[in-house]
Amino acid sequence: MTQNSLGLKSPQESLSDLGAIESLRVPGKEEFRELREQPSDPQAEQELINSIEQVYFSADSFDVVKYELEKLPPVLNLQELEAYRDKLKQQQAAVSKKVADLILEKQPAYVKELERVTSLQTGLQLAAVICTNGRRHLNIAKEGFTQASLGLLANQRKRQLLIGLLKSLRTIKTLQRTDVRLSEMLEEEDYPGAIQLCLECQKAASTFKHYSCISELNSKLQDTLEQIEEQLDVALSKICKNFDINHYTKVQQAYRLLGKTQTAMDQLHMHFTQAIHNTVFQVVLGYVELCAGNTDTKFQKLQYKDLCTHVTPDSYIPCLADLCKALWEVMLSYYRTMEWHEKHDNEDTASASEGNNMIGTEETNFDRGYIKKKLEHGLTRIWQDVQLKVKTYLLGTDLSIFKYDDFIFVLDIISRLMQVGEEFCGSKSEVLQESIRKQSVNYFKNYHRTRLDELRMFLENETWELCPVKSNFSILQLHEFKFMEQSRSPSVSPSKQPVSTSSKTVTLFEQYCSGGNPFEIQANHKDEETEDVLASNGYESDEQEKSAYQEYDSDSDVPEELKRDYVDEQTGDVPVKSVSRETLKSRKKSDYSLNKVNAPILTNTTLNVIRLVGKYMQMMNILKPIAFDVIHFMSQLFDYYLYAIYTFFGRNDSLESTGLGLSSSRLRTTLNRIQESLIDLEVSADPTATLTAAEERKEKVPSPHLSHLVVLTSGDTLYGLAERVVATESLVFLAEQFEFLQPHLDAVMPAVKKPFLQQFYSQTVSTASELRKPIYWIVAGKALDYEQMLLLMANVKWDVKEIMSQHNIYVDALLKEFEQFNRRLNEVSKRVRIPLPVSNILWEHCIRLANRTIVEGYANVKKCSNEGRALMQLDFQQFLMKLEKLTDIRPIPDKEFVETYIKAYYLTENDMERWIKEHREYSTKQLTNLVNVCLGSHINKKARQKLLAAIDDIDRPKR
């Protein structure tokens with residue numbers, strides 16, 4: 001059994017509790033001193049202490065004496081007892097010394113603690129005195145003041161209750177007066193404040209519901225809240241016509257306080273729909289009543305569709321403009337409403353990202369998404385309503401009763417409205433497009449038919465006199481083309497609408513968001529500018545006219561400016577090799593004398609056609625869906641003008657018999673196409689004709705007839721050369737203007753219809769200059785007396801025996817004819833400027849005819865010798881030498897035609913056969929004469945028959 005199991009403490013542990021052992025005697029001071037003075041061995045003392053039995057350190061009830069006596073053996077031994085006694089004494093001494101050391105060591109702490117105990121005892125005694133005195137005083141207070149204290153407490157409690165009651169009464173009084181304040185706030189349109197106050201009053205009323213007077217007030221507040229919602233709905237409807245950002249912000253805040261933002265959006269769209277209907281009805285009703293001149297209420301009971309039929313033509317355009325202006329205000333309000341929501345959605349998103357209320361944020365995001373989808377869907381819905389209202393208005397009146405300018409103005413307003421719709425919701429305005437396209441096509445067909453009839457009348461009464469325009473004339477200077485160079489502006493008249501776009505596109509909503517209206521009509525929207533395109537007597541000033549003649553009357557050099565003009569004109573049909581000073585002074589004098597800077601050659605009819613083209617392009621530019629129809633009608637204007645010029649001045653069946661290819665296959669194809677598709681060749685309608693044939697005839701125009709005032713048979717005027725030049729060159733000028741307009745026409749033409757436009761330009765417009773050849777060939781064929789020259793050549797003796805050194809007189813006669821032609825040409829040039837390409841073609845035709853006449857004269861020779869062949873060569877060389885002084889045409893036309901024919905006289909039989917097959921440009925008569933007369937002298941009959949047979953083979957396909 002161990003010490004711990006017996007509950008015993010170790011010797012070391014027991015040393016700290018020595019006071020608990022009653023049997024242990026504490027040494028006195030003397031003994032302490034003796035013990036401390038005794039020499040000690042700490043280790044030995046510690047061994048002695050350790051050797052003490054553990055039982056001595058047991059509980060306090062341990063009896064040492066009894067324990068030691070019980071340990072004595074039965075047989076006692078004195079020496080052993082004395083030795084054991086000494087051991088116990090040593091152990092006791094060691095323990096006593098240890099205890100003495102510990103007591104001395106703790107002596108200061110003991111003294112100090114004893115002092116604290118003494119001080120504590122003194123303090124406790126003082127506290128006992130104070131408590132005794134306090135109890136005595138409390139007993140005295142208890143006996144003297146109990147009744148007064150209870151009275152004060154009761155009064156204080158009553159005071160507190162009365163203060164609370166007073167506050168409640170004041171709150172009730174405030175609630176009773178709330179309806180007055182709410183009315184004031186509603187008058188001030190402070191809807192959020194009114195709702196906030198009403199909700200707070202309801203909350204306060206629920207707090208004081210135990211008062212009987214509050215139940216009635218609570219019902220009254222509920223009625224007031226419903227009244228506020230009704231006024232809020234009225235305020236929301238005002239947004240549809242005149243959006244005010246502050247007003248709308250208050251309305252939205254109010255609905256948000258009510259928790260009805262989605263309901264507000266539904267109501268807003270209903271109000272916009274109602275606003276569109278009410279707006280258009282009131283606008284049209286106002287004009288109808290104004291024009292009716294009375295206040296009859298029967299119009300107010302009509303449906304909108306029926307009301308539109310009562311709009312008079314005089315008020316139709318102003319009413320349409322006001323209608324679009326009012327609808328613009330509605331759409332602008334919707335546009336600004338969307339802007340407001342986009343702006344505040346961004347702000348709400350930014351503020352929500354900083355907050356922690358996830359539930360509130362989710363609800364807000366749901367409302368925001370609903371509003372966004374509702375607004376986006378409403379764009380198309382509102383635009384559809386607008387289109388239907390305007391379409392109904394358009395169908396209420398027949399637009400064919402309007403003049404062209406008024407009709408264009410209507411188209412411009414509708415075009416602007418469609419532009420608004422496209423910017424509003426991205427819609428292509430199918431409803432309006434289809435409606436206005438049908439009416440526009442019908443109107444334009446009738447208008448175009450009338451204009452074609454007018455054009456025929458103008459052409460039949462045209463005397464083909466020059467219309468004097470300034471040298472810097474451009475079609476862009478005409479009113480009808482102003483729209484091509486002016487920027488688009490709502491105050492600009494429809495005839496001045498633009499096609500150019502700015503580098504930075506600004507939508508109409510951005511442009512007019514802060515004010516203004518794209519449908520504002522300028523009071524004087526008609527063309528009010530004056531055109532400055534006509535020149536006085538062909539001169540832009542009297543000084544220019546005087547200067548022009550002075551320069552040519554003097555012997556000074558040819559002006560450099562004229563030289564430049566001459567060089568620039570070398571791009572005509574016939575190239576020119578060189579220009580002499582004399583030629584410039586003689587032939588080019590006509591170009592300079594009329595207009596120093598060569599003004600365009602055109603007539604009043606040409607100018608009228610150009611104006612018509614401008615008007616057609618206005619319509620096409622305003623309403624692009626009908627671009628193909630417009631361009632098709634424009635092409636008919638050009639076709640009819642070209643056909644008229646050809647019919648008046650170029651139709652001559654004898655031209656094609658010349659074999660010179662004066663009319664190209666492309667020109668002939670074009671003229672045939674125009675005649676088949678546009679020209680009505682029947683004098684009167686056939687009553688038995690089918691309906692289809694009658695409809696086709698309506699699309700055609702009778703062939704025009706040249707005015708009897710135009711004389712084309714006088715040789716003094718070169719067979720109407722001046723009129724021919726004016727007519728032909730006006731056609732060329734018209735073709736140039738069409739070429740100038742091609743990029744614009746190509747830009748608006750639908751892609752599927754562009755082949756038609758390309759075909760029109762390649763097969764019709766480009767053939768205008770080709771009419772010069774057949775038209776001027778008629779003049780060239782009559783300008784010289786070719787028959788007289790044949791007679792003179794027939795009188796020449798060609799079978800001479802010696803080589804002649806003098807040419808024949810027919811050469812001089814022919815040259816005189818050319819000189820006379822040159823003089824007549826100069827006379828004509830005093831009336832109208834003859835451009836260089838025209839002059840070149842005239843000279844080319846005359847020279848070509850003269851050379852062919854020479855060949856024909858040589859083919860009429862009955863007898864001819866080799867010396868005669870030399871005389872032919874001499875005559876032709878003399879003719880060429882003199883002719884080159886009169887003209888600058890290089891090379892001389894058909895020069896090889898004559899020279900080759902003369903040189904063929906010297907060919908052998910075999911060479912002649914091959915030559916005949918290679919030169920089919922000569923007639924059968926000319927080839928036959930060449931074989932019979934020229935070669936008959938040195939070939940036999942068989943060879944001649946062979947050559948004649950070859951000629952017959954060549955001529956057979958021609959028959």
message = Can you list everything that forms a ring-ring contact (aromatic ring centres under 6.0 Å, His included) with Y643? Sequence neighbours excluded, please.
response = none
query = With no hydrogens and no angle check, do the side chains of Q763 and T670 hold a donor and an acceptor under 3.5 Å apart?
reply = no
task = Determine, step by step, whether R831 and E723 satisfy the side chain to side chain contact (heavy atoms under 4.5 Å, CB included) criterion, reporting the C-alpha distance in whole Å, the side-chain angles of both residues, the deciding distance to 0.1 Å, and the verdict.
result = CA-CA 10 Å; R831 289 182 54 196; E723 290 79 2; 3.3 Å; yes
remark   = Residues pairing under side-chain hydrogen bond (donor to acceptor under 3.5 Å, both in side chains) where one sits in residues 784-804, two or more places apart or in two chains, turn out to be none
task = Among residues two or more places apart or on two chains, list those pairs meeting side-chain hydrogen bond (donor to acceptor under 3.5 Å, both in side chains) that have a residue in residues 853-865.
result = Y810-Y858, E856-K925, E856-Q926, N860-K925, S865-E867
ask   = Does the side chain of R666 pick up a donor-acceptor pair with the side chain of S766 at under 3.5 Å?
value = yes
request  = Could you please spell out the steps behind the salt bridge (Lys or Arg N to Asp or Glu O under 4.0 Å) verdict for K903 and E896?
outcome  = CA-CA 10 Å; K903 293 177 181 178; E896 293 78 7; over 6 Å; no
request  = Could you grab the distance from atom OH of Y761 to atom OG of S635, nearest 0.5 Å is fine?
outcome  = 10.0 Å
inquiry  = Could you check whether E827 pairs with K830 (Lys NZ or Arg NE/NH1/NH2 to Asp/Glu carboxylate O, under 4.0 Å)?
reply    = yes
request  = Test R772 against E729 for salt bridge (Lys or Arg N to Asp or Glu O under 4.0 Å), laying out the working first.
outcome  = CA-CA 8 Å; R772 286 170 169 167; E729 299 312 306; 2.7 Å; yes
key: Step-by-step side chain to side chain donor-acceptor pair (under 3.5 Å) determination, E460 to S707   = CA-CA 5 Å; E460 291 181 344; S707 171; over 6 Å; no
task = Evaluate the side chain to side chain donor-acceptor pair (under 3.5 Å) criterion for residues Y641 and S730: first the C-alpha distance (whole Å), next the side-chain angles of each, then the deciding distance (0.1 Å), finally the verdict.
result = CA-CA 10 Å; Y641 193 87; S730 67; 2.8 Å; yes
ask   = Ion pair present between E844 and R848, side-chain N to carboxylate O less than 4.0 angstrom?
value = yes
inquiry  = Test your reading of the model: is there a side-chain donor-acceptor pair from R724 to the backbone of L718, 3.5 Å cut-off?
reply    = no
Partners passing salt bridge (charged side-chain N to carboxylate O under 4.0 Å, His left out) against R824 (at least two apart in sequence or in another chain) = none
message = Determine whether the aromatic ring centres of residues Y922 and F897 are separated by less than 6.0 angstrom.
response = yes
ask   = Rounded to the nearest 0.5 Å, how far apart are CG of L712 and NZ of K782?
value = 8.0 Å
query = What residues form a salt bridge (charged side-chain N to carboxylate O under 4.0 Å, His left out) with E739, not counting sequence neighbours?
reply = none
message = List the residues meeting salt bridge (charged side-chain N to carboxylate O under 4.0 Å, His left out) with R673, not counting sequence neighbours, and say none if there are none.
response = D639
request  = Apply the test side chain to side chain contact (heavy atoms under 4.5 Å, CB included) to residues L455 and V609: give CA-CA distance (whole Å), side-chain angles for both, the deciding distance (0.1 Å), then the verdict.
outcome  = CA-CA 8 Å; L455 179 57; V609 173; 3.5 Å; yes
